[in-house]
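Scroll down for the structure; my scribbles are underneath it.
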Amino acid sequence: MIRYAAQSDLATLREHERHISGDELARGIAAQRVLVMLEQDALAGWLRFSLFWDEIPFLNMLYLLEGHRGQGRGTQLLRRWEEEMSRLGHRRVLTSTLSSEGAQFFYRKNGYLDCGSLLLPGEPLEIILLKELA
């Protein structure tokens, strides 16, 4: 089951989410910018997003817990998010990944196209990816 995260999910998500503060995660949940995937009522993964330029949905994090990877669940979560963004009237979505990460291949396989990059001092190249929604 995939649904928007609720405040009751916050404690469980905080145990696993290492990229943002608990306060920021709570704000994302309140703004309905976190989707969770549950299997047998237990967290299997989540997707967190924001708005680039306050306008274009930007996928910040798609994460599946160990034991839930490599079985198509990431694609299911991604598709659900894309469908939801389309339903809300968005025509395109963005995400990014480091050039040193394998996630770039996952996004390309799912219809995302390279559209730019960002190079910060001492960091690998950040690849920006775009998908036009139907």
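Side chains are part of it too, since the values below use all heavy atoms of this structure and drop only hydrogens, waters and symmetry mates. Small disclaimer: the values here were computed from a predicted structure and weren't measured.
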With rounding to the nearest 0.5 angstrom, report the OG to CG distance, Ser86 to Leu133. 5.5 Å
With heavy-atom distances below 4.5 Å as the criterion, would you say the side chains of His19 and Arg48 are in contact? yes
Could you check whether any side-chain heavy atom of Gln104 comes within less than 4.5 Å of a side-chain heavy atom of Asp114, counting everything from C-beta outward? no
pair Tyr112-Thr97: side-chain heavy atoms closer than 4.5 Å: no
Is there a side-chain contact (heavy atoms from CB on, under 4.5 Å) between Leu130 and Ile56? Walk through the geometry before answering. CA-CA 10 Å; Leu130 167 78; Ile56 304 169; 5.6 Å; no
Under the side chain to side chain donor-acceptor pair (under 3.5 Å) test, which residues partner Tyr63, sequence neighbours left out? Arg69
Would you check if Ile127 and Arg108 make a side-chain contact, meaning some heavy-atom pair closer than 4.5 Å? yes
Can you find a heavy atom in the side chain of Asp9 that is under 4.5 Å from one in the side chain of Leu43? no
Mind checking whether Leu78 and Leu59 have side chains closer than 4.5 Å, heavy atoms only? yes
Interatomic distance, CE@Met37 vs CZ@Arg3, rounded to 0.5 Å, equals 12.5 Å
Any salt bridge linking Arg87 with Glu84? Criterion: basic side-chain nitrogen under 4.0 Å from a carboxylate oxygen. yes
ring-ring contact (aromatic ring centres under 6.0 Å, His included) with Phe49: of Phe58, Tyr4, Trp81, only one passes, and it is Trp81
